[in-house]
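Have a look at the structure below, then the notes.
As the structure is a computational prediction, the values presented were derived from the model and not from experiment.
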Amino acid sequence: MGAFEYKALDTRGRETKGTLEADTARHARQLLRDKHLTPLDVTPAAEQDRGKRKAFSLQRGISAAELSLMTRQLATLVRSGLPLEEALLAVAQQTEKARLSNVVMAVRGRLMEGHSLAYGLAEFPHIFPEIFRATVAAGEQTGHLDAVLERLADYAEKRQALQQKLSVAMIYPAVLIFMSFAIIIAMLAYVVPKVVAVFDNIGEELPALTRGLIFLSDFLREWWMALAVGVIAIAWMVRRVLREPGPRQKYHRFLLRLPLVGRITRGM
């Protein structure tokens, strides 16, 4: 039995979304009809999430806080003796994030099909890191899943605390950098064009640095929209390239070699 995300219409014609468990998509549609809902779209939760990742979207995995809370809840329930599939169901029902609930239900669906928990987590590599999945697999093989989940919960909470400290520490330099770029752009777009008229009345050849500044100002005012589209396109291409293992490994190696960023990355 797997998890399916659905879109359906109720008796008043309003669209509703959610997740339900069923053997097949046909079974899921029948369950919706039994609830007096008209199914519009029924998709396996894992495929639905995979499709969202392939499409252009700013939405990424879950936050460190959400992963930490989910791991702690699951570890507590498993430690109390609750069967794993029931623990996953309880976590899915308790979470306030619909996307995270759908992911947990999809993992539970894989578990109900006879697969291991690590196999279900591997369906969502952008949410559950490789070290997380490998540790869960080791816990399942040794029969100490409850203890492993407790350790993972401690690890996730410490990781969240470290990220919070880094975020707070980076707020001030980030604001300074943003304000610096904003001031430079404002000067090039509004201040420099007014000063150019003064230079035109002088009638002498301007230094190369001043001519370059004027050219940069004209270029920014005339091509700012194309420049913005180009930046967005480059960011999208870089994101697509970094999904491949080879380029991502080279990028991470480059980060580790940077003087200050490398230390922060290794600390995380």
Side-chain angles (χ1 to χ4, degrees), residues 49-67 97 99-100 124-131 159-268:
D49 192 82
R50 194 177 300 116
K52 291 178 182 178
R53 283 185 286 132
K54 290 182 179 180
F56 178 72
S57 173
L58 296 178
Q59 187 180 34
R60 302 188 65 185
I62 63 177
S63 65
E66 293 170 344
L67 180 61
K97 299 288 185 177
R99 182 165 179 260
L100 180 57
F124 307 94
H126 61 295
I127 292 180
F128 304 102
E130 184 177 356
I131 186 174
R159 181 169 175 262
Q160 176 197 359
L162 176 60
Q163 288 188 353
Q164 288 179 343
K165 291 180 180 179
L166 290 175
S167 300
V168 172
M170 294 299 294
I171 288 178
Y172 181 68
V175 170
L176 285 182
I177 293 174
F178 174 78
M179 293 300 298
S180 300
F181 276 102
I183 292 172
I184 292 173
I185 293 175
M187 292 184 63
L188 290 175
Y190 299 102
V191 178
V192 174
K194 296 180 179 180
V195 180
V196 171
V198 178
F199 291 149
D200 291 338
N201 296 328
I202 296 178
E204 297 182 359
E205 185 178 0
L206 299 175
L209 185 60
T210 305
R211 294 198 305 270
L213 187 63
I214 295 174
F215 171 79
L216 185 60
S217 174
D218 295 337
F219 177 81
L220 184 63
R221 287 187 293 110
E222 294 179 6
W223 299 96
W224 67 270
M225 186 175 295
L227 187 62
V229 173
V231 170
I232 295 175
I234 292 175
W236 180 78
M237 291 178 59
V238 169
R239 186 184 178 207
R240 295 280 296 185
V241 170
L242 290 180
R243 289 180 179 177
E244 301 296 327
R248 186 168 65 248
Q249 185 178 12
K250 294 179 180 178
Y251 171 69
H252 289 167
R253 185 182 296 115
F254 170 74
L255 286 181
L256 291 174
R257 290 177 179 176
L258 293 178
L260 180 60
V261 178
R263 293 182 61 185
I264 297 176
T265 305
R266 285 192 297 270
M268 292 182 61

Quiz item: If every non-hydrogen atom of L256 is compared with every non-hydrogen atom of R266, which pair is closest and at what distance?
Solution: O-NH1, 3.1 Å

Quiz item: What is the minimum heavy-atom distance between I127 and L67, and which atoms define it?
Solution: O-CD2, 4.2 Å

Self-check item: Heavy-atom closest pair, residues E66 and K97
Solution: OE2-CE, 2.8 Å

Quiz item: Between F219 and F215, what is the ring plane arrangement, given parallel below 30°, perpendicular above 60°, and tilted in between?
Solution: parallel

Quiz item: If you look only at pairs with a residue in residues 217-234, which of them pass as a side-chain hydrogen bond (donor to acceptor under 3.5 Å, both in side chains), with sequence neighbours excluded?
Solution: D218-R221

Quiz prompt | Closest non-hydrogen atom pair, P247 against L242 | solution = O-CD2, 4.0 Å

Do any side-chain atoms of residues 169-190 form donor-acceptor pairs under 3.5 angstrom with protein atoms, and if so which ones, sequence neighbours left out?
| from | atom 1 | to | atom 2 | distance (Å) |
| --- | --- | --- | --- | --- |
| S180 | OG | L176 | O | 2.7 |

